[in-house]
**Q** 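Below is a structure I'd like to ask you about.
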Amino acid sequence: MSFTSIIQSAAIRSLQELSGYQFSENDFQVNETKPEFTGDYTIVLFALVKTLKKSPEVLGKELGDYLLKSYPDFFSSYNVIKGFLNLEIADEQLTELLVKNYNDEHFGKKPLNHKRVMVEYSSPNTNKPLHLGHLRNNFLGWSVAEILKANGNEVIKSSIVNDRGIHICKSMIAWQMFANGATPESTQIKGDHLVGDYYVKFNDEYKKEVEELIQSGKTKEEAEKEAPIMKKTQQMLLDWEQEKPEVRALWNKMNNWVYKGFDETYNRIGSDFDHTFYESNTYLLGKDFVKEGLQKNILFKKEDGSVWIDLTDKNLDEKLVLRGDGTSVYMTQDIGLAKQKFEEYHLDKSIYVIGDEQLYHMKVLKEICRKLGMPFADNIFHLSYGMVELTTGKMKSREGTVVDADELVDEMIATAARHTEELGKVKDFTKEELKELYEILGLGAMKFYLLRVDPKKRMIFNPEESIDFHGFTGSFVQYTYARIQSILRKVGYEQSAINNQQSATGKLLPLERELIIFLEKYTTTVSEAAEEMNPSVIANYVFNLAKLFNSFYVEHSVANAETEEKKILRLHISVMTANIIKNGLGLLGIKVPERM
RNA sequence: GGUCCGGUAGCUCAGUUGGAUAGAGCAUCAGCCUUCUAAGCUGAGGGUCAUUGGUUCGAAUCCAAUCCGGAUCACCA
């Protein structure tokens with residue numbers, strides 16, 4: 001149980017014994033005491049005043065006295081200022097918490113709750129390489145999955161690969177026309193980039209053809225429809241659907257290039273999946289529910305044969321679920337796949353990590369499932385995140401302002417290397433050790449930068465800021481960890497301190513108290529991050545912890561503490577801080593270096 | 001036009017179910033390496049919490065209206 005909830009229930013009990021009233025958790029707040037007042041936790045009394053018909057001062061004094069008397073081991077003192085009852089927690093309580101948990105590498109982790117959750121994230125198209133936007137999605141999805149695991153859920157990470165459709169055919173056509181058989185091996189270009197190059201090539205060629213047709217007197221619409229390269233592409237899509245062998249073979253070959261490229265990138269950035277869905281397998285799903293929906297009069301048919309659902313009662317429009325020619329739209333397969341996920345994996349919850357431009361689509365999906373009477377409809381959750389924009393505006397592939405994921409990763413690692421060399425602290429590292437360190441630092445900085453803001457908000461990517469290693473960054477937190485390891489090496493922690501389990505006596509200094517109280521909060525922070533599905537909660541916590549520890553570090557020596565007892569106490573604080581940093585950063589997919 | 005999201009320091013962002021004098025980082029300025037790593041620490045300046053009204057002991061937070069920015073409303077994916 002957390003300190004806050006202990007205090008809350010102690011107060012509820014005390015108030016009942018004092019006044020006879022039964023209050024609940026929602027009736028009053030327990031906050032952390034603001035730094036300018038003495039105390040650790042504060043009970044806000046105003047809300048109780050009305051019911052109890054007492055002035056805040058009187059009530060505060062009564063409750064404070066009673067709490068102190070009833071829980072002498074827990075509270076050491078109190079004071080009342082205006083309507084605020086500030087309570088101080090007894091030193092012994094803090095040291096006990098510390099001794100019990102400092103060496104627990106899984107502090108904050110919750111027991112299994114037997115809930116099964118699927119997190120679908122990444123979900124790339126196989127016609128171009130990953131970019132900055134995908135990185136936010138990948139880091140977010142991966143991190144949320146880990147946070148849910150830490151809270152006792154059984155999590156299945158999944159991805160749906162968008163591997164079919166007109167956009168895929170565009171790359172294929174352009175490759176046929178212009179590549180002269182070029183392969184990743186022959187060109188030494190990573191497969192996803194090679195295919196992406198031909199996707200760009202398609203658009204260039206298409207634009208050229210349209211231009212020419214307009215010159216020869218066609219309207220823009222006519223030209224766009226009649227451009228030969230587009231006609232070829234549409235024909236290829238039909239051939240693909242009819243499983244024409246040559247087309248399927250080319251499709252297979254090029255997609256495999258892309259998968260190989262993606263795997264390399266995923267490997268590097270640490271994304272992994274328990275299951276991958278392919279749209280080429282799922283795009284025909286969902287047609288059966290159309291029949292059923294029509295029978296039940298939930299769906300209706302228009303004269304041209306297209307099938308719709310009326311969602312105007314939910315403030316959404318009429319939505320198409322099947323085309324007039326009987327082929328699927330996106331919604332059709334999304335409903336089919338949603339159902340398949342729940343049935344195959346027996347999920348309690350299905351989370352989709354998708355950009356907020358699809359908020360409407362996901363809302364409609366959920367509503368259709370609900371109307372069709374699918375029992376899982378309410379367990380579909382869209383974890384939407386905002387777009388990543390550049391300081392110069394939006395990323396546009398047509399204008400070449402897209403930040404490529406592989407390039408960015410390279411750049412981050414290179415910058416980490418440069419910076420580390422300038423500082424010259426790891427000259428004795430081997431080549432392999434340096435390589436590992438640079439990756440830990442470069443990727444750490446990038447992940448932290450993308451995860452430290454609330455996912456729901458769109459964010460601005462500032463290249464200079466993102467490669468900064470000072471302040472609110474991953475490196476700052478990693479540095480604190482490395483510093484602690486340095487202390488532990490200095491005192492030979494492994495050998496000696498582990499045997500010193502007794503709690504330190506004597507008064508705790510302000511920074512020592514503050515740190516222990518902050519460490520205690522990690523458990524509730526992990527829960528909060530899961531509830532909100534928000535890794536930035538962890539990022540903020542871990543940063544503030546590092547900051548607090550750094551203040552402590554310069555103020556008080558661990559290795560040369562005033563007494564042996566103080567040394568042990570501070571070692572315990574240091575070890576617990578390091579454990580939580582490692583753990584918390586781990587939930588963000590960030591590793592920690594022993595030295596940097 | 002409808003719906004949804006957002007507007008907090010020069011910039012990027014925190015700010016729990018309403019609580020005390022609104023906080024960080026960057027940038028600027030002034031200090032701190034003979035002691036566990038200065039990728040650090042200490043301090044200073046910087047705010048009409050978009051605007052107006054309302055709700056109440058108390059509002060950045062809740063409600064309404066307005067202004068500004070964005071997303072979305074395809075027989076596209």
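Residue numbering restarts at 1 for every chain, and letters A, B, ... go by the order of the sequence lines.
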**Q** Any base atoms under 4.0 Å from A/Leu441, or only sugar-phosphate, or nothing? Heavy atoms, all strands.
**A**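 Counting heavy atoms under 4.0 Å across all strands, the contact made by A/Leu441 includes a base.
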**Q** Answer yes when A/Arg323 and A/Asp325 have at least one side-chain N-carboxylate O distance shorter than 4.0 Å, and no when they do not.
**A** no
**Q** To the nearest Å, how far apart are A/Lys225 NZ and B/C76 P?
**A**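 Computing the A/Lys225:NZ to B/C76:P distance gives 11 Å.
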**Q** Specify the separation, in whole Å, of atom CD of A/Glu555 and atom C1' of B/U42.
**A** 9 Å
**Q** Any idea which of B/A14, B/U72, B/A77 is nearest the A/Glu357 side chain?
**A**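 From the listed options, B/U72 comes nearest.
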**Q** Run the ring pair (Phe, Tyr, Trp, His ring centres under 6.0 Å) check on A/Tyr479 and A/Phe476 step by step: do they pass?
**A** CA-CA 5 Å; A/Tyr479 178 67; A/Phe476 177 94; 7.7 Å; no
**Q** Under 4.0 Å between a side-chain N/O of A/Arg483 and OP1 or OP2 of B/A38, yes or no?
**A** yes
**Q** How would you list all residue pairs meeting salt bridge (charged side-chain N to carboxylate O under 4.0 Å, His left out) that involve residues 31-51 of chain A, not counting sequence neighbours?
**A**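 Every pair satisfying salt bridge (charged side-chain N to carboxylate O under 4.0 Å, His left out) with a residue in residues 31-51 of chain A: A/Glu32-A/Lys521, A/Asp40-A/Arg513.
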**Q** Should A/Lys457 be listed as having a side-chain N or O under 4.0 Å from OP1 or OP2 of B/G7?
**A**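 For B/G7, OP1/OP2 do have a side-chain N/O of A/Lys457 under 4.0 Å.
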**Q** Are any protein N/O atoms closer than 3.5 Å to N/O atoms in nucleotides 31-33 of chain B? If there are, list each pair with its distance.
**A**
none

**Q** Give A/Phe84 one of three labels, base, sugar-phosphate or nothing, depending on what nucleic acid heavy atoms sit under 4.0 Å from its own.
**A**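 Base contact.
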**Q** Considering only the C1' atoms, how many Å lie between B/G47 and B/C11, rounded to the nearest integer?
**A** 15 Å
**Q** Please give the distance between the P atoms of B/A22 and B/G1 as a whole number of Å.
**A**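 Here B/A22 and B/G1 have their P atoms 38 Å from each other.
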**Q** For nucleotides B/U8 and B/C13, find the distance between their C1' atoms and express it as a whole number of Å.
**A** 10 Å
**Q** Out of B/G19, B/G70, B/A24, which has the shortest distance to the side chain of A/Arg458?
**A** B/G70
**Q** B/C26 P sits how many Å from A/Phe472 CZ, rounded?
**A**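 That distance rounds to 11 Å.
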**Q** If we take the C1' atom in both B/A50 and B/U3, what is their distance in whole Å?
**A**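 One C1' to the other, the span is 22 Å.
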**Q** A/Phe46 stacking on B/G19: centroids under 5.5 Å, ring planes under 30°?
**A**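 So A/Phe46 counts as stacking on the base.
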**Q** Taking salt bridge (charged side-chain N to carboxylate O under 4.0 Å, His left out) as the cut-off, I'd like each qualifying pair that reaches into residues 533-553 of chain A, sequence neighbours left out, listed once.
**A**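 Applying salt bridge (charged side-chain N to carboxylate O under 4.0 Å, His left out) to every pair that reaches into residues 533-553 of chain A, excluding sequence neighbours, yields nothing.
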**Q** Partner lookup for B/C26, please. Criteria are Watson-Crick or G-U wobble with both distances under 3.5 angstrom; report none if nothing qualifies.
**A**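 Its partner is B/G10.
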**Q** Considering only the C1' atoms, how many Å lie between B/A65 and B/U28, rounded to the nearest integer?
**A** 40 Å
**Q** Any idea which of B/C41, B/G19, B/U12 is nearest the A/Arg452 side chain?
**A**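 Ranking B/C41, B/G19, B/U12 by closest atom to the A/Arg452 side chain puts B/U12 first.
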**Q** Quick one: sort the A/Tyr206 and A/Phe202 rings into parallel, tilted or perpendicular, breaks at 30° and 60°.
**A**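 Ring orientation of A/Tyr206 relative to A/Phe202: parallel.
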**Q** Quick one: which of B/U3, B/A20, B/C26 gets closest to the side chain of A/Thr42?
**A**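 Out of B/U3, B/A20, B/C26, the nucleotide with an atom closest to A/Thr42's side chain is B/A20.
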**Q** Do A/Tyr102 and A/Asn579 meet the criterion of a side-chain donor-acceptor pair at a distance under 3.5 Å?
**A**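 Checked: A/Tyr102/A/Asn579 side chains show no N/O donor-acceptor pair below 3.5 Å.
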**Q** Using a heavy-atom cut-off of under 4.0 Å over every strand shown, decide if A/Tyr360 touches base, sugar-phosphate, or nothing.
**A**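 Sugar-phosphate: the residue A/Tyr360, judged by heavy atoms under 4.0 Å, touches backbone atoms but no base.
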**Q** What's the CD-P distance between A/Glu25 and B/U17, to the nearest Å?
**A** 14 Å
**Q** What distance, rounded to whole Å, do you find between the two C1' atoms, one in B/A30 and one in B/G46?
**A** 16 Å
**Q** Can you tell me whether the side chain of A/Ser536 and the base of B/A14 have a donor-acceptor pair closer than 3.5 Å?
**A** no
**Q** Check the side chains of A/Ser24 and A/Asn26 for a donor-acceptor pair under 3.5 angstrom, ignoring hydrogens and angles.
**A**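 Side chains of A/Asn26 and A/Ser24: no pair found under 3.5 Å.
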**Q** Which one is paired to B/A38, where only Watson-Crick or G-U wobble pairs with both distances under 3.5 angstrom count?
**A**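 WC or wobble partner does not exist here.
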**Q** Which sits closer to the 5' end of RNA chain B, A/Asn540 or A/Asp356, going by the nucleotide each is nearest to?
**A**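 Its nucleotide being nearer the 5' end, the pick is A/Asn540.
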**Q** Under 4.0 Å: is that the gap between some side-chain N or O of A/His470 and OP1 or OP2 of B/G40?
**A**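 It does, given that an N or O in the side chain of A/His470 lies less than 4.0 Å from OP1 or OP2 of B/G40.
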**Q** NA contact type, A/Gly324, heavy-atom cut-off 4.0 Å: base, sugar-phosphate, or nothing?
**A**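 Here A/Gly324 touches the bases of the nucleic acid.
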**Q** Output yes when at least one side-chain N/O atom of A/Ser551 is less than 4.0 Å from OP1 or OP2 of B/U42, else no.
**A** yes
**Q** Which is true for A/Asn560 with a 4.0 Å heavy-atom rule: it touches a base, it touches only sugar-phosphate, or it touches nothing?
**A**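 Counting heavy atoms under 4.0 Å across all strands, the contact made by A/Asn560 is with sugar-phosphate only.
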**Q** Of all the choices, B/C13, B/C41, B/A24, which nucleotide is nearest to the side chain of A/Phe543 once you look at every atom?
**A** B/A24
**Q** Which is true for A/Asn162 with a 4.0 Å heavy-atom rule: it touches a base, it touches only sugar-phosphate, or it touches nothing?
**A**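 Sugar-phosphate, backbone atoms only, no base.
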**Q** Quick one: label A/Ile460 by what it contacts on the DNA or RNA (base, sugar-phosphate, nothing), any heavy atom closer than 4.0 Å.
**A** sugar-phosphate
**Q** On RNA chain B, check which nucleotide each of A/Glu36 and A/Pro455 is closest to and give me the residue with the more 5' one.
**A**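 Whichever sits nearer the 5' end wins; that is A/Pro455.
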**Q** Students often mix this up, so state it plainly: with edges at 30° and 60°, are the rings of A/Phe46 and A/Phe84 parallel, tilted or perpendicular?
**A**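 If you compare the ring of A/Phe46 with that of A/Phe84, the planes turn out perpendicular.
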**Q** In whole Å, I'd like the distance from the CD atom of A/Gln234 to the C1' atom of B/C76.
**A** 12 Å
**Q** Would you say A/Lys82 reaches B/C57's phosphate, i.e. side-chain N/O to OP1/OP2 under 4.0 Å?
**A**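 Checking A/Lys82 against B/C57: no side-chain N or O falls below 4.0 Å of OP1 or OP2.
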**Q** Tell me whether the side-chain N or O atoms of A/Asn86 pair up with the base of B/A20 as donor and acceptor below 3.5 Å, since no angle test is needed here.
**A** yes
**Q** Is any NZ, NE, NH1 or NH2 atom of the basic residue among A/Glu421 and A/Arg418 found under 4.0 Å from an Asp or Glu carboxylate oxygen of the other?
**A** no
**Q** Indicate, with a heavy-atom threshold strictly under 4.0 Å, whether A/Lys547 touches base, sugar-phosphate, or nothing.
**A** sugar-phosphate
**Q** Choosing from B/U12, B/C36, B/C41, which nucleotide comes nearest the side chain of A/Ser557?
**A** B/C36
**Q** Which one is paired to B/C4, where only Watson-Crick or G-U wobble pairs with both distances under 3.5 angstrom count?
**A** B/G70
**Q** Are OP1 or OP2 of B/C36 and a side-chain N or O of A/Arg570 less than 4.0 angstrom apart?
**A**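 No, because none of the side-chain N or O atoms of A/Arg570 sits under 4.0 Å from OP1 or OP2 of B/C36.
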**Q** Between B/C4 and B/G43, how far apart are the two P atoms, rounded to whole Å?
**A**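 Looking at atom P only, B/C4 and B/G43 are 45 Å apart.
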**Q** Taking the C1' atom in each of B/U61 and B/G54, what is the distance between them to the nearest angstrom?
**A**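 Going atom to atom, C1' in each nucleotide, I get 15 Å.
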**Q** Please confirm whether A/Tyr278 and A/Trp251 have ring centers closer than 6.0 angstrom.
**A**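 No.
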**Q** Look at the side chain of A/Val44 and decide which nucleotide, out of B/A20, B/C4, B/G19, has an atom nearest to it.
**A** B/G19
**Q** Hydrogens and angles aside, do A/Glu279 and A/Tyr330 bring a side-chain donor and acceptor to less than 3.5 Å of each other?
**A**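 Side-chain D/A pair, A/Glu279 to A/Tyr330: present.
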**Q** Rounded to whole Å, how long is the line connecting atom OH of A/Tyr553 with atom P of B/U35?
**A**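 Rounded to the whole Å, the gap is 10 Å.
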**Q** Of all the nucleotides listed (B/C13, B/U72, B/U16), which has the minimum atom distance to the side chain of A/Glu528?
**A** B/U16
